[in-house]
Amino acid sequence: MVGPAVFHYPISGTADLARVEAPVTFKAYLLCAFAAFGGLFFGYDTGWMSGVLGMPYFITQYTGIEYDYETMQPIGVSPTEFALPSSTKSLMTSILSCGTFFGALIAGDAADFIGRRPTIILGCVVFCLGCILEIASTNQLALFVMGRLVSGLGVGAISAVILLYMAEVAPRRVRGAIVSGYQFCITLGILLANCVVYSTANRNDTGSYRIPVGVQFLWAVILGVGLFILPESPRFHVMKGKIDTAMKALSLLRGQPVDSDYIRDELAEIVASHEYEMQVIPQTSYIGSWVACFQGSIRKGNCNLRRTILGAGIQMMQQLTGVNFIFYFGVTFFQQLGTIQDPFFISLVTTLVNVVSTPVSFWAIERLGRRPLLIWGGVGMMVSQFIVAIVGVTAGRPDLVPTNYDAVKAMIAFICIYIFFFASTWGPVGWVIVGECFPLPIRSRGVGIATASNWFWNCIIAVITPYMVGNEPGSAHLGPRVFFIWGSLCALSLTFAYFLVPEMKGLTLEQIDTMMEQTTPRNSSKWKPTQTFAAQMGRVRGAQGLDGGLGRVPTPPASGPIGSGKKRVDGFVQL
């Protein structure tokens with residue numbers, strides 16, 4: 001079952017749009033922001049894999065090609081040929097995304113049945129089991145791949161439910177900034193991984209790759225232990241009909257007394273919205289709850305199918321911008337070019353740009369909005385990618401003798417500019433949109449589907465990219481020309497944002513539902529809410545309450561799902 005249609009006792013709210021969310025204390029902001037720490041799992045794993053694939057000891061272990069650590073040169077082959085086979089790199093990298101795909105889908109179920117918090121903690125445990133398998137392997141490809149798969153299940157579950165949890169607990173005025181913190185933690189994880197890899201890359205023992213893998217245990221412990229302090233999502237409790245528990249959780253998240261009128265008003269809005277949504281998306285079977293995500297006409301802005309396309313599509317486009325090509329295969333790609341003297345250092349620079357650029361979105365996403373960031377970010381990424389490609393096939397060609405190092409520096413500079421545009425726009429905004437666009441009855445499954453889309457396309461890119469830029473027979477050997485592909489896909493992402501992504505800045509999750517019903521994406525920035533859900537569902541307190549003297553609103557008939565079992569005082573719903 002999706003959830004109960006009625007609640008244990010009535011709750012009333014306000015018709016004042018300014019009071020649909022309680023004020024928030026600084027301590028409460030910190031509680032909400034801590035959840036973003038889960039992004040470290042995603043980012044750190046992306047970062048260490050890129051470096052490990054280029055480590056001399058790791059390459060020797062899986063290819064048998066010897067390496068001279070004194071001269072820093074391979075023995076018997078050229079430096080550009082000293083690399084793992086494309087098939088091995090593809091398998092090692094993509095298998096994690098395969099696990100995360102299924103982990104995200106499974107987490108969508110678990111988050112509704114056992115809660116958001118327990119699902120994340122369970123994901124941390126599964127992730128640690130996978131890390132143990134990765135560390136235990138030496139040259140056993142099967143064991144290493146199995147560890148990556150199990151770790152992927154944990155990362156997928158964490159990535160989906162952390163996003164869901166943050167969207168549900170964050171205050172509306174800073175929800176975009178707080179959810180952007182998830183992307184910031186991803187970038188920070190990538191940077192930390194590159195720092196660890198850079199310090200161990202030239203070790204002549206298994207510590208070269210085991211140390212980067214083992215550091216991940218720290219992130220699992222911090223997140224898993226920290227979640228015991230955080231409350232469960234109030235919206236999860238509302239979905240289960242546990243209004244008392246929801247009120248206590250909301251009180252902790254907002255830093256307000258549990259009997260505060262502010263808490264009552266916000267909770268009443270959540271309850272009224274859920275009751276309205278349950279009329280549109282009624283209770284159904286387990287299979288039906290998944291089918292509900294694909295119901296409706298795509299021409300209707302508030303239909304579930306369109307929301308699912310929006311959530312899954314934004315994650316697909318985020319991956320097709322090509323950023324994970326840099327972070328998964330940056331080291332080996334720079335090595336294959338043969339024009340960059342220290343590929344590990346350049347990879348570290350790109351991750352540093354990624355980190356320092358992301359906080360720009362904390363301000364811009366709430367000041368400028370979601371749509372402008374996606375549109376202008378798409379333009380910036382597209383132009384930067386095409387410049388890298390054009391320079392790479394002209395003045396910066398790898399086969400040019402002597403090497404034009406100024407052209408190579410220009411390519412690196414525009415790769416960094418491209419990363420800046422991604423990190424400040426599509427990186428964080430893609431996650432924010434997913435957390436905001438689904439109604440409560442299907443939110444966990446919708447977020448699970450959207451996150452699985454991210455990992456599915458992540459997997460596709462991880463599988464095909466080594467063959468796109470590889471030097472061995474059977475590979476396309478595109479080299480810098482691969483940026484023509486990424487630039488074209490950035491143009492596709494820009495088009496998707498312009499026609500399909502609505503503006504959600506400054507709205508509660510409940511108001512976003514109404515906005516998507518009443519306007520189009522291109523006109524969404526002009527939409528303003530006109531009434532609360534509490535007023536729409538007849539749950540407003542009387543003239544002596546906190547609704548500014550707007551009068552009393554009668555309750556619906558007792559026979560309907562909204563009025564069933566409700567106690568009336570003077571003919572009106574009261575708490």
All heavy atoms of Gln319 vs all of Asn324, minimum pair found to be OE1-ND2, 2.8 Å
*For Tyr44, does its backbone N or O pair with a side-chain atom of Gln216 as donor and acceptor, under 3.5 Å?*
no
- Heavy-atom side-chain contact between Arg175 and Val179 under 4.5 Å: yes
Do Arg370 and Trp431 meet the cation-pi criteria used here (NZ or CZ under 6.0 Å from the six-membered ring centre, within 45° of the axis)?
no
Taken in chain and number order and not counting sequence neighbours, the residues that satisfy side-chain contact (heavy atoms from CB on, under 4.5 Å) with Ser251 are Val258
side-chain contact (heavy atoms from CB on, under 4.5 Å) filter on Leu250, not counting sequence neighbours, yields Pro234, Arg254, Ile263, Glu266, Leu267
I'd like to know if Arg443 pairs up with Asp513 as an ion pair, taking the criterion as any Lys NZ or Arg NE/NH1/NH2 lying under 4.0 Å from an Asp or Glu carboxylate oxygen. no
What one should report as the nearest heavy-atom pair of Ile229 and Arg117 is N-NH1, 4.4 Å
* Asked: Does a sphere of radius 6.0 Å around CZ in Phe496 hold more than 12 heavy atoms from other residues, nucleotides or ligands, not counting ones at 6.0 Å or beyond?
  -> yes
message: Checking Asn458 against Leu96 for the side-chain contact (heavy atoms from CB on, under 4.5 Å) test, could you report, in this order, the C-alpha distance in whole Å, the side-chain angles of both residues, the deciding distance, and whether it holds?
response: CA-CA 9 Å; Asn458 190 305; Leu96 178 111; over 6 Å; no
side-chain contact (heavy atoms from CB on, under 4.5 Å) assessment of Leu122 paired with Phe127: CA-CA 9 Å; Leu122 184 60; Phe127 175 79; over 6 Å; no
Query - Sub-4.5 Å side-chain heavy-atom contact between Ile461 and Trp486 - result: yes
Smallest heavy-atom separation, Ala292 atom then Ile442 atom, equals CB-CG2, 4.1 Å
In this structure, CD1 of Ile120 is separated from CZ of Arg116 (nearest 0.5 Å) by 9.5 Å
Value for CG (Leu227) from CD1 (Ile158), rounded to nearest 0.5 Å, stands at 9.0 Å
Applying side-chain contact (heavy atoms from CB on, under 4.5 Å) to Phe228 and not counting sequence neighbours gives Ile121
- Query: Going by heavy atoms in the side chains, are Trp48 and Val213 under 4.5 Å from each other?
  - Reply: yes
When rounded to the nearest 0.5 Å, the distance separating CE of Met239 from OG of Ser444 is 5.5 Å
Hey, is the main chain of Ile95 close enough, under 3.5 Å, to the side chain of Arg148 for a donor-acceptor pair? no
List the atom pairs, with distances to 0.1 Å, where a side-chain N or O of residues 371-384 and a protein N or O form a donor-acceptor pair under 3.5 Å, not counting sequence neighbours.
residue : atom : partner : partner atom : Å
Arg371  : NH1  : Ala497  : O            : 3.2
Arg371  : NH1  : Tyr498  : O            : 3.0
Arg371  : NH1  : Val501  : O            : 2.7
Arg371  : NH2  : Tyr498  : O            : 3.3
Ser384  : OG   : Gly380  : O            : 2.9

For Arg235, the salt bridge (charged side-chain N to carboxylate O under 4.0 Å, His left out) test, sequence neighbours excluded, returns Glu510
Residue set satisfying side-chain contact (heavy atoms from CB on, under 4.5 Å) with Leu91, at least two apart, ordered chain then number -> Leu141, Val145
Q. Is it true that atom CZ of Phe484 has more than 12 heavy atoms of other residues, nucleotides or ligands lying nearer than 6.0 Å?
A. yes
Rounded to the nearest 0.5 angstrom, the OG1-CH2 distance for Thr520 and Trp527 is 13.5 Å
Would the distance check show the side chain of Gln511 and the main-chain N or O of Thr508 forming a donor-acceptor pair, the cut-off being under 3.5 Å?
yes
Got a donor-acceptor contact below 3.5 angstrom from the Thr187 side chain to the Phe184 backbone? yes
| Heavy-atom check, side chain of Met515 versus side chain of Pro502, under 4.5 Å | yes
**Message:** Looking at Ser90, is its backbone amide N or carbonyl O close enough to the side chain of Thr93 to form a donor-acceptor pair, meaning the two atoms are under 3.5 Å apart?
**Reply:** no
On a heavy-atom basis, the closest approach of Ser180 and Ser361 is CB-OG, 3.7 Å
For the backbone of Cys293 and the side chain of Thr308, can you confirm whether one donor and one acceptor N or O come within less than 3.5 Å of each other? yes
| Close side-chain approach of Leu223 to Ile162, heavy-atom, < 4.5 Å | yes
Tightest non-hydrogen contact, residues Asn454 and Gln318, listed as ND2-OE1, 2.9 Å
Between Trp455 and Ser97, the two heavy atoms sitting closest are O-CB, 3.5 Å
Q) Is the shortest heavy-atom distance from the side chain of Val388 to the side chain of Tyr418 under 4.5 Å? A) no
Item to check | Pair Asn354-Phe420, side-chain contact (heavy atoms from CB on, under 4.5 Å): steps then yes or no | outcome: CA-CA 6 Å; Asn354 196 27; Phe420 163 79; over 6 Å; no
CG (Leu192) and OG1 (Thr351) are apart, to the nearest 0.5 Å, by 9.0 Å
When you compare the side chain of Cys459 with that of Thr100, does any pair of heavy atoms fall below 4.5 Å? no
Distance-only donor-acceptor check, side chains Ser453 and Gln315, under 3.5 Å | no
Validation row: Thr358, Ser424 side chains within 4.5 angstrom (heavy atoms): no
Rounding to 0.5 Å, atoms OG1 (Thr245) and NE2 (His237) come to a distance of 5.5 Å
**Study point:** Short side-chain to backbone donor-acceptor contact, Lys240 and Asp112, under 3.5 Å
**Key:** yes
Working for side-chain contact (heavy atoms from CB on, under 4.5 Å), residues Leu489 and Thr321:
CA-CA 6 Å; Leu489 292 173; Thr321 59; over 6 Å; no
> Any salt bridge between Glu503 and Lys526, counting N to O under 4.0 Å?
Replying inline: no
